[in-house]
Chemist: 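One structure, pasted below without further comment.
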Amino acid sequence: QVQLVEFGGGQVQAGESLRLSCTASGTIFSINTMAWYRQVPGKQRDLVATLDSGGNTNYRESVKGRFTVSRDNAKNTVYLQMSSLKPEDTASYYCYAGISIGRYTGSRGYWGQGTRVTVSS
């Protein structure tokens with residue numbers, strides 16, 4: 001069984017920074033792409049940033065230059081450093097990981113429980 005646990009959400013003022021972390025635990029053979037999504041009530045869950053096992057990153061346009069995704073493979077952890085936060089960044093943030101639980105098992109996606117980020121003006 002695999003679990004993703006997130007930490008780091010909170011309430012900040014516009015212009016401030018937060019760092020989110022997400023650690024995968026359980027039966028893990030390998031972790032492929034790790035990503036962060038965010039969702040506001042009544043809207044779909046949107047991709048924020050991805051980081052694949054080769055170190056390639058991808059960001060949604062509105063966070064480029066402000067957010068940085070990174071990972072510590074030894075700790076099975078992905079981070080999202082968020083700087084120059086804006087009120088429109090307010091959302092619940094979810095981590096995602098594509099994980100294989102065995103050498104001959106295909107990768108499947110797992111989600112964290114979400115962490116709330118509130119940015120006030």
Side-chain angles (χ1 to χ4, degrees):
Q1 191 168 352
V2 174
Q3 275 191 315
L4 299 182
V5 180
E6 299 152 356
F7 296 96
Q11 184 167 353
V12 297
Q13 297 287 322
E16 294 184 340
S17 299
L18 274 176
R19 189 174 84 151
L20 307 181
S21 65
C22 172
T23 299
S25 63
T27 305
I28 298 172
F29 176 75
S30 64
I31 302 178
N32 304 308
T33 294
M34 303 187 84
W36 290 94
Y37 288 73
R38 66 187 183 189
Q39 187 173 26
V40 298
K43 295 194 175 182
Q44 67 179 21
R45 190 170 294 185
D46 292 326
L47 180 65
V48 176
T50 64
L51 174 56
D52 66 21
S53 57
N56 301 299
T57 59
N58 185 47
Y59 297 92
R60 72 180 296 109
E61 193 63 35
S62 62
V63 307
K64 285 182 179 178
R66 300 189 297 121
F67 289 13
T68 302
V69 61
S70 61
R71 63 195 280 175
D72 184 334
N73 292 325
K75 296 180 179 179
N76 291 337
T77 298
V78 62
Y79 304 96
L80 185 67
Q81 178 67 47
M82 304 184 293
S83 302
S84 301
L85 282 161
K86 303 176 180 180
E88 51 264 42
D89 294 318
T90 295
S92 292
Y93 284 71
Y94 297 87
C95 70
Y96 167 91
I99 295 173
S100 298
I101 62 171
R103 181 181 295 276
Y104 305 108
T105 304
S107 177
R108 61 155 285 193
Y110 294 85
W111 291 93
Q113 81 284 0
T115 186
R116 182 74 180 166
V117 172
T118 302
V119 184
S120 54
S121 57

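Numbering of residues begins at 1 and proceeds along the displayed sequence.
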Chemist: Is Gln1 atom CD crowded by more than 12 heavy atoms from other residues, nucleotides or ligands, each under 6.0 Å away?
Modeler: no

Chemist: Nearest 0.5 Å, please: how far is OH in Tyr104 from CZ in Phe29?
Modeler: 8.5 Å

Chemist: Compute whether any side-chain donor of one residue and acceptor of the other, for Thr118 and Thr90, lie under 3.5 angstrom apart.
Modeler: no

Chemist: Among the clusters formed by ILVMFWY side chains lying less than 4.5 Å apart, do Val63 and Trp36 turn up in the same one?
Modeler: yes

Chemist: Are Val69 and Tyr79 co-members of a hydrophobic cluster defined by side-chain heavy atoms under 4.5 Å apart?
Modeler: no

Chemist: Among Ile31, Ile99, Ile28, which one satisfies side chain to side chain contact (heavy atoms under 4.5 Å, CB included) with Tyr110?
Modeler: Ile99

Chemist: Atom OG in Ser107, atom CD1 in Ile101: separation rounded to 0.5 Å?
Modeler: 10.5 Å

Chemist: Any chance CD of Gln3 has more than 12 other-residue heavy atoms, nucleotides or ligands included, within less than 6.0 Å?
Modeler: no

Chemist: Rounded to the nearest 0.5 Å, what separates atom CD in Gln39 from atom CZ in Arg116?
Modeler: 10.5 Å

Chemist: Which heavy atom of Ser120 sits nearest to which heavy atom of Gln13, and what is that distance?
Modeler: OG-NE2, 3.3 Å

Chemist: Quick one: CG on Asn56 to CG on Leu51, what's the gap to the nearest 0.5 Å?
Modeler: 8.0 Å

Chemist: Restricting to non-hydrogen atoms, name the atom on Arg66 and the atom on Leu85 that form the minimum distance, rounded to 0.1 Å.
Modeler: NH1-CA, 3.9 Å

Chemist: So does Cys95 get a backbone contact from the side chain of Glu6, meaning a donor-acceptor N/O pair under 3.5 Å?
Modeler: yes

Chemist: Under 4.5 Å between any side-chain heavy atoms of Val117 and Arg38, yes or no?
Modeler: no

Chemist: For Ser84 and Asp89, work out which heavy atoms get closest and say how close.
Modeler: O-OD2, 4.5 Å

Chemist: When clusters are formed by joining ILVMFWY residues with side-chain heavy atoms under 4.5 Å apart, either directly or through shared neighbours, do Val78 and Tyr96 land in the same one?
Modeler: no

Chemist: After noting the C-alpha distance and the side-chain angles of Thr105 and Ser100, does the key distance pass the side-chain hydrogen bond (donor to acceptor under 3.5 Å, both in side chains) rule?
Modeler: CA-CA 6 Å; Thr105 304; Ser100 298; over 6 Å; no

Chemist: Answer with yes or no whether the hydrophobic clustering places Val48 together with Leu18; edges join I, L, V, M, F, W, Y residues whose side-chain heavy atoms lie under 4.5 Å apart.
Modeler: yes

Chemist: Measure the acute angle between the ring planes of Trp111 and Tyr94, then classify it against the limits of 30° and 60° as parallel, tilted or perpendicular.
Modeler: perpendicular

Chemist: Going from OH on Tyr93 to CG on Leu80, what distance comes out if it is rounded to the nearest 0.5 angstrom?
Modeler: 7.5 Å

Chemist: Test your reading of the model: is there a side-chain donor-acceptor pair from Arg60 to the backbone of Asp46, 3.5 Å cut-off?
Modeler: no

Chemist: Find the distance between CG (Asn32) and CZ (Arg108) and round it off to the nearest 0.5 Å.
Modeler: 13.5 Å

Chemist: Do you know which two heavy atoms are closest between Ser17 and Gln81, and how far apart they sit?
Modeler: CB-NE2, 3.9 Å

Chemist: Is there side-chain contact between Thr50 and Tyr37, with heavy atoms separated by less than 4.5 Å?
Modeler: no

